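Everything quoted here is computed from the prediction, not taken from an experiment. Here is the naming used below: chain letters follow the sequence lines, and residue numbers restart at 1 for every chain.
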Protein chains: 2
Amino acid sequence: MVDSQLTLTPVETVACCSPLTAEPLSAERAERVAPLLKALADPVRLRLLSLVASHADGEACVCDLNDAFDLSQPTISHHLKVLHEVGLLERTKRGVWVYYAVRPAALRDLGALIGGVAA
Amino acid sequence: MVDSQLTLTPVETVACCSPLTAEPLSAERAERVAPLLKALADPVRLRLLSLVASHADGEACVCDLNDAFDLSQPTISHHLKVLHEVGLLERTKRGVWVYYAVRPAALRDLGALIGGVAA
DNA sequence: ACTACACATCGACATCTGTCAATGTGTAGG
DNA sequence: CCTACACATTGACAGATGTCGATGTGTAGT
């Protein structure tokens, strides 16, 4: 596993092309966009992403995120992994702590794809 | 069942407030936004929505949509129902045919929520 | 080394989801 | 009425998903 350095994350395949409403989405592109939306389509992950995004330096420690939910630590870890694998969250380890940060471009592109705002 | 006349569709609960990145999403709001994204988070439904949106008059007959996929008619009907229930698609019956049309505002608001463009 | 801590992974489980074949419902023509 | 057609609903089933407890991994302090 080389992580997102060499492999193209789903989010990177969205940063192009016209919005949903402009022309029929090809089957291939739909298959690549869907996982991104699937990653977002969960209340906990939505809140996690929002929490990280609206944090002070645009990043948040897992320990903080854990405390914000009535869920087990493995569950939070799982959700963060999903958001990370899809390319919506960056992962940085500093000492014992792990920090997640949003990729603003990812959200912007996805929003444009759905909302129809010119990319 | 009174349909979307009296009950508030998920999509209508999104048309407000600040984007994900502005401030932490409340648990309640996350619970209401997630179903919308869940409805979108499927390759077939993405293509259906895109097909309808980019159709001539902004609406498309189910018969046309059926032909665009290698899926059974009930399956397409199911996906259209999901998109309709969540408020992304309007449903109109004319004679024997049923036409679906996108709600532009719904997509715009959802895109703004994700993309961070001011609502 | 040992312990404590932060986080990830694993295995198991109940629930949700996409799909189909079969059937139902309503509309229009003969 | 009876048939044909467009679409919806139902029931069933395999596969995906969210959750947890238990365990693994790596880092830092004593």
Side-chain angles (χ1 to χ4, degrees), chain A residues 1 3-4 10 27 30-49 51-52 55 59-86 88-101, chain B residues 1-4 10 27 30-31 33-49 51-52 55 59-86 88-101:
Chain A
M1 266 305 184
D3 208 340
S4 55
E31 294 282 352
R32 277 175 301 179
V33 174
L36 245 174
L37 288 166
K38 218 163 249 198
L40 233 59
D42 179 277
V44 176
R45 288 198 288 269
L46 271 176
R47 290 180 62 199
L48 278 172
L49 197 78
L51 265 176
V52 171
H55 227 249
E59 66 176 13
C61 173
V62 176
C63 52
D64 295 331
L65 301 173
N66 263 322
D67 298 346
F69 297 85
D70 272 343
L71 293 171
S72 70
Q73 173 264 320
T75 297
I76 299 297
S77 187
H78 161 68
H79 285 306
L80 288 171
K81 184 184 183 181
V82 171
L83 288 170
H84 173 60
E85 281 177 342
V86 95
L88 288 172
L89 286 185
E90 287 285 358
R91 214 183 90 97
T92 316
K93 184 161 188 176
R94 279 203 296 273
V96 183
W97 294 276
V98 172
Y99 294 83
Y100 282 94
Chain B
M1 262 307 179
V2 287
D3 208 341
S4 55
E31 295 282 353
V33 173
L36 245 174
L37 288 166
K38 218 163 250 197
L40 235 59
D42 178 276
V44 175
R45 288 197 288 268
L46 272 175
R47 290 180 62 200
L48 277 172
L49 197 79
L51 266 176
V52 172
H55 227 251
E59 66 176 11
C61 174
V62 176
C63 53
D64 295 333
L65 301 173
N66 263 323
D67 298 346
F69 297 85
D70 272 343
L71 292 171
S72 70
Q73 174 264 321
T75 298
I76 299 297
S77 186
H78 162 67
H79 285 306
L80 289 170
K81 184 183 184 182
V82 171
L83 288 170
H84 172 60
E85 282 177 342
V86 95
L88 287 172
L89 286 185
E90 287 286 357
R91 215 182 89 97
T92 314
K93 183 160 189 175
R94 280 204 293 274
V96 184
W97 294 276
V98 172
Y99 294 84
Y100 283 93

Base, sugar-phosphate, or nothing: which does A:I76 touch, judged by heavy atoms less than 4.0 Å apart?
nothing
Check your understanding: Can you check whether B:T75 has a side-chain N or O nearer than 4.0 Å to OP1 or OP2 of C:dT19?
Key -> no
Atom CZ of B:R91 and atom C1' of D:dA8 are separated, to the nearest Å, by 8 Å
inquiry  = So B:L80, base contact, sugar-phosphate only, or nothing? Heavy-atom distance under 4.0 Å.
reply    = nothing
Side-chain atoms of B:H78 come closest, of D:dC20, C:dG18, D:dT9, to C:dG18
Rounded to whole Å, the CG-P distance (B:D70 to C:dT19) equals 12 Å
Scanning both residues in full, the closest heavy-atom pair of A:V82 with A:A39 reads CG1-CB, 3.9 Å
*Within a reach of under 6.0 Å around CG of A:D70, are more than 12 heavy atoms found that belong to other residues, nucleotides or ligands?*
no
Rounded to whole Å, the CD-C1' distance (B:E85 to C:dT17) equals 14 Å
| task | Verify the contact: side-chain N or O of B:K81 to OP1 or OP2 of D:dT9, cut-off strictly under 4.0 Å; return yes or no. | result | yes
Of the listed D:dA8, D:dT19, C:dC7, the closest approach to the B:S77 side chain comes from D:dA8
Rounded to whole Å, CH2 of A:W97 lies from P of D:dG26 at a distance of 18 Å
Whole-Å distance, A:H84 NE2 to C:dA8 C1', equals 12 Å
Side-chain contact check for A:S72: nearest option of D:dC20, D:dA28, C:dC7 is D:dC20
Of the listed C:dA6, D:dG21, D:dC7, the closest approach to the A:P74 side chain comes from D:dG21
Check your understanding: Heavy atoms under 4.0 Å, any strand shown: does A:R94 hit a base, just sugar-phosphate, or nothing?
Key -> nothing
Winner on side-chain proximity to B:H79, out of C:dA8, C:dG18, C:dC20, is C:dG18
Between CG of A:L37 and C1' of D:dT17 the distance, given in whole Å, is 16 Å
Shortest non-hydrogen pair, B:P43 vs A:A30, comes out as O-CB, 3.6 Å
* Asked: Does A:L51 reach the side chain of A:F69, with side-chain heavy atoms less than 4.5 Å apart?
  -> yes
**OP:** Mind checking A:F69 for me? I need base, sugar-phosphate or nothing, with any heavy atom below 4.0 Å counting as a touch.
**Re:** nothing
For B:H84 and B:L89, indicate whether the former's side chain and the latter's backbone hold a donor-acceptor pair under 3.5 Å. yes
Which of C:dT19, C:dC7, D:dA8 is nearest the side chain of A:Q73? It is C:dC7
5'-most contact on DNA chain D (nearest-nucleotide basis), A:V96 vs A:A41, goes to A:A41
Does D:dC7 have OP1 or OP2 sitting under 4.0 Å from an N or O in the side chain of B:K93?
no
Is there a side-chain polar atom (N or O) of B:Y100 under 4.0 Å from OP1 or OP2 of D:dC7?
no
Between CG of B:L71 and P of D:dC7 the distance, given in whole Å, is 16 Å
**Message:** Applying a 4.0 Å non-hydrogen cut-off, can you work out what B:D42 is touching in the nucleic acid: base, sugar-phosphate, or nothing?
**Reply:** sugar-phosphate
TODO: Look at B:R91 together with B:E59 and state whether they make a salt bridge at an N to O cut-off of under 4.0 Å.
DONE: no
When rounded to whole Å, the CG to P distance for the pair A:D64 and C:dC5 reads 17 Å
